[in-house]
*Asks:* 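Before I ask anything, let me first share the structure, which is written out below as structure tokens.
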Amino acid sequence: MVKVKDYFNKKVTHTSYVKKRKKNAFWAGYLPFEISETPMSKTLESVGIDSKKKYRVANHEVLVREEPKFIGPLIFGIFSTFMLFGSFFIEFEEKVSGIYFLIINTLILFSSVVYYFTVPDKELILNRRDGLVSFPAFAYGKPFTMAVEKLRIGYTSGASGSPGPGRLIIIRPTKKQFGYMTNLGGSYFEELSFLIWYMDKNRPLPPGDAFDEYRKADYKRRKEEGFPPPVFRSFIPTREYKHKWQKERDKHWKDIIETDEKGNQVHRIWQSAENVERHGEWKPVVPQ
């Protein structure tokens, strides 16, 4: 059984992508690193070994979600079994064709069974403490681990506003750059907002009672660090769990969301002169 501390032992596998980032982020399907919607709340019922949501761990340092790995072999296994059963009722014009048909579907069934029992566990690991994200490779490939600010995040429905349900993906740092679907729940904007919020360790933990028992420890850490400004931009006010915590943090920074003359929302950071001297001018992290 994997221990929680083992999730922090993942070494960085990639610091950049093989291909340069496409210039037109909109048509390329890239999403900006920002909190645009209130993210889904993680509840106590969604965490634990018996959880249907498959969140193995969710605290102030790491979130681990078990990813489905049996869908592919299950589909191919059922299909090949159905075809083998149906072969008893199919009349082939040539005996050779029937033999090939049986061999191919038997191989598919056998491969599905072998894959089912041998494929390694698939997990999405959000390491808030170290700012690292680990996500699965295809089939037997080793997982990827990258700094969150180095990721390229996109969506499957093409350009924003296109029909069909959108799915959030983390683009794999390979030559073909296939996307990995995160399956965090909600729309892709909600998933992105949750991922960015959780991985920004200068913000309080995201909504949800799954994190309530860890909020005090997280607050104390940020206070000891001098409440450094947030890493990513947000268009949602970031509230502390308690009013007195909010008052203390506001001495250092707070989200100010304004509307410019064109009616667009603008995120600004208010900082005292002391905080500017301590942290410097605030600049949000943008995708590479």
Side-chain angles (χ1 to χ4, degrees), residues 2-36 39 56-67 69 119-156 167-184 188 191-203 206 221-222 225 228-234 279-288:
V2 177
K3 298 179 180 179
V4 173
K5 65 178 182 180
D6 294 332
Y7 293 121
F8 299 108
N9 296 333
K10 303 291 184 181
K11 295 182 178 180
V12 173
T13 60
H14 294 75
T15 58
S16 62
Y17 282 78
V18 177
K19 297 181 180 179
K20 291 184 178 180
R21 188 176 187 272
K22 296 180 181 179
K23 292 182 178 179
N24 192 318
F26 178 82
W27 294 112
Y30 299 133
L31 293 173
F33 285 10
E34 62 186 31
I35 302 167
S36 59
R56 293 297 180 232
V57 183
N59 59 35
H60 58 306
E61 293 186 319
V62 66
L63 181 143
V64 182
R65 175 182 168 82
E66 181 184 353
E67 295 299 298
K69 63 179 181 179
V119 67
D121 291 335
K122 305 288 185 179
E123 293 178 321
L124 171 66
I125 303 173
L126 303 183
N127 181 348
R128 173 179 167 94
R129 189 191 72 179
D130 303 322
L132 300 176
V133 176
S134 297
F135 51 102
F138 180 73
Y140 293 94
K142 293 182 179 180
F144 303 103
T145 299
M146 300 179 69
V148 62
E149 66 270 14
K150 299 295 185 181
L151 294 176
R152 291 177 185 171
I153 299 177
Y155 48 96
T156 59
R167 299 296 302 275
L168 187 74
I169 61 173
I170 298 176
I171 300 171
R172 293 185 173 105
T174 57
K175 289 183 178 180
K176 294 186 178 181
Q177 295 191 334
F178 290 121
Y180 156 71
M181 292 186 184
T182 57
N183 295 310
L184 289 169
Y188 62 84
E191 289 195 2
L192 176 65
S193 295
F194 175 82
L195 189 151
I196 293 301
W197 190 325
Y198 181 81
M199 291 303 295
D200 191 342
K201 64 179 182 180
N202 294 346
R203 295 185 184 277
R221 173 190 57 80
R222 290 183 288 116
E225 293 174 356
V231 179
F232 305 109
R233 190 183 299 277
S234 174
H279 303 296
E281 293 294 336
W282 180 78
K283 293 182 179 179
V285 170
V286 295
Q288 301 296 310

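Hydrogens, waters and symmetry mates play no part in the numbers below; they use all other heavy atoms, side chains included.
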*Asks:* Start with the C-alpha distance between S193 and E34, add both sets of side-chain angles, then the distance that settles side chain to side chain contact (heavy atoms under 4.5 Å, CB included), and finish with yes or no.
*Replies:* CA-CA 7 Å; S193 295; E34 62 186 31; over 6 Å; no

*Asks:* Has K175 got a side-chain atom pairing as donor or acceptor with V18's backbone, closer than 3.5 angstrom?
*Replies:*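 Flag not set: sc K175 to bb V18 has no pair under 3.5 Å.
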
*Asks:* Can you confirm whether more than 12 heavy atoms, excluding those of E225, are under 6.0 Å from its CD atom?
*Replies:*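 Yes - once you tally the heavy atoms of other residues, nucleotides and ligands closer than 6.0 Å, there are more than 12.
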
*Asks:* Using 0.5 Å steps for rounding, measure from the CG atom of D6 to the CG atom of N9.
*Replies:*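 Going from the CG atom of D6 to the CG atom of N9 covers 5.5 Å.
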
*Asks:* May I ask you to establish whether R128 and Y198 are in a cation-pi arrangement, using a distance under 6.0 Å from NZ or CZ to the six-membered ring centre and at most 45° from the ring axis?
*Replies:*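 Judged by the rule (NZ or CZ under 6.0 Å from the ring centre, within 45° of its axis), R128 counts as positioned above Y198.
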
*Asks:* Nearest heavy-atom pair of R203 and S234: which atoms, and what distance?
*Replies:*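 Closest approach of R203 to S234: NH2-CB, 3.3 Å.
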
*Asks:* Quick one: does T145's side chain have a donor or acceptor within less than 3.5 Å of a partner on T13's backbone?
*Replies:*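 No, T145 side chain to T13 backbone: no donor-acceptor pair under 3.5 Å.
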
*Asks:* Out of E61, H60, R222, R221, which residue meets the side-chain contact (heavy atoms from CB on, under 4.5 Å) rule with K201?
*Replies:*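 Among the candidates, only R221 passes.
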
*Asks:* When you measure from the side chain of D200 to the backbone N and O of P230, does any donor-acceptor pair fall under 3.5 Å?
*Replies:*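 No; judged by distance alone, with no hydrogens or angles, the pair does not exist.
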
*Asks:* What's the shortest heavy-atom distance between Y188 and L31, and which atoms?
*Replies:*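 Taking Y188 first and L31 second, the nearest heavy atoms are CD1-CD1, 3.9 Å.
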
*Asks:* Quick one: pull up CG in L126 and CG in L124 and give me the separation to the nearest 0.5 Å.
*Replies:*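 One finds 4.5 Å between CG of L126 and CG of L124.
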
*Asks:* V62 and V4: which non-hydrogen atoms are nearest, and at how many Å?
*Replies:*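 Nearest heavy atoms, V62 then V4: CG1-CG1, 4.2 Å.
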
*Asks:* Under a 3.5 Å distance rule, please check whether S134 uses its side chain to pair with a backbone N or O of I125 as donor and acceptor.
*Replies:*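 Judged by distance alone, no pair lies under 3.5 Å.
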
*Asks:* Tell me whether the NZ or CZ atom of R129 lies within the 45° cone about the ring axis of F8 and under 6.0 Å from its centre.
*Replies:*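 Judged by the rule (NZ or CZ under 6.0 Å from the ring centre, within 45° of its axis), R129 counts as positioned above F8.
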
*Asks:* If I take atom CD1 from residue I169 and atom CD from residue E191, how far apart are they, to the nearest 0.5 angstrom?
*Replies:*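 The CD atom of E191 is 11.5 Å from CD1 of I169, to the nearest 0.5 Å.
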
*Asks:* Which residues pass the side-chain hydrogen bond (donor to acceptor under 3.5 Å, both in side chains) test with N202, not counting sequence neighbours?
*Replies:*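 Partners of N202 by the side-chain hydrogen bond (donor to acceptor under 3.5 Å, both in side chains) criterion come out as none, since no residue qualifies.
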
*Asks:* State the CZ-CZ distance between F135 and F144, to the nearest 0.5 angstrom.
*Replies:*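 Rounded to the nearest 0.5 Å, the CZ-CZ separation comes out at 6.0 Å.
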
*Asks:* How close do F232 and W282 get, counting heavy atoms only, and between which atoms?
*Replies:*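 So the minimum-distance heavy-atom pair works out to O-CZ2, 4.1 Å.
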
*Asks:* Can you tell me if K10 uses its side chain to pair, donor with acceptor, with the backbone of L132 under 3.5 Å?
*Replies:*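 Such a contact is absent between K10 side chain and L132 backbone.
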
*Asks:* I need the minimum non-hydrogen distance between F33 and L151, along with the two atoms involved.
*Replies:*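 Heavy atoms only, the tightest pair is CZ-O, 3.2 Å.
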
*Asks:* Does the pair L63 and F194 meet the rule for a side chain to side chain contact (heavy atoms under 4.5 Å, CB included), with working shown?
*Replies:* CA-CA 11 Å; L63 181 143; F194 175 82; 3.8 Å; yes

*Asks:* Take V133 and I170, measure what side chain to side chain contact (heavy atoms under 4.5 Å, CB included) needs, and give me the verdict at the end.
*Replies:* CA-CA 10 Å; V133 176; I170 298 176; 4.2 Å; yes

*Asks:* Taking the six-membered ring of Y17, is the NZ or CZ of R152 close enough (under 6.0 Å from the centre) and on axis enough (within 45°)?
*Replies:*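 Yes.
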
*Asks:* Let me see the working for L195 and I153 under side chain to side chain contact (heavy atoms under 4.5 Å, CB included), right down to the final yes or no.
*Replies:* CA-CA 11 Å; L195 189 151; I153 299 177; 4.2 Å; yes

*Asks:* Would you name the heavy atoms of M146 and P173 that are closest together and state the gap between them?
*Replies:*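 Answer, listing the atom of M146 first, then P173: SD-CG, 3.8 Å.
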
*Asks:* Hey, does the side chain of R233 reach the backbone of K283 with a donor-acceptor pair shorter than 3.5 angstrom?
*Replies:*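 Side chain of R233 to backbone of K283, a donor-acceptor pair under 3.5 Å: no, none is there.
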
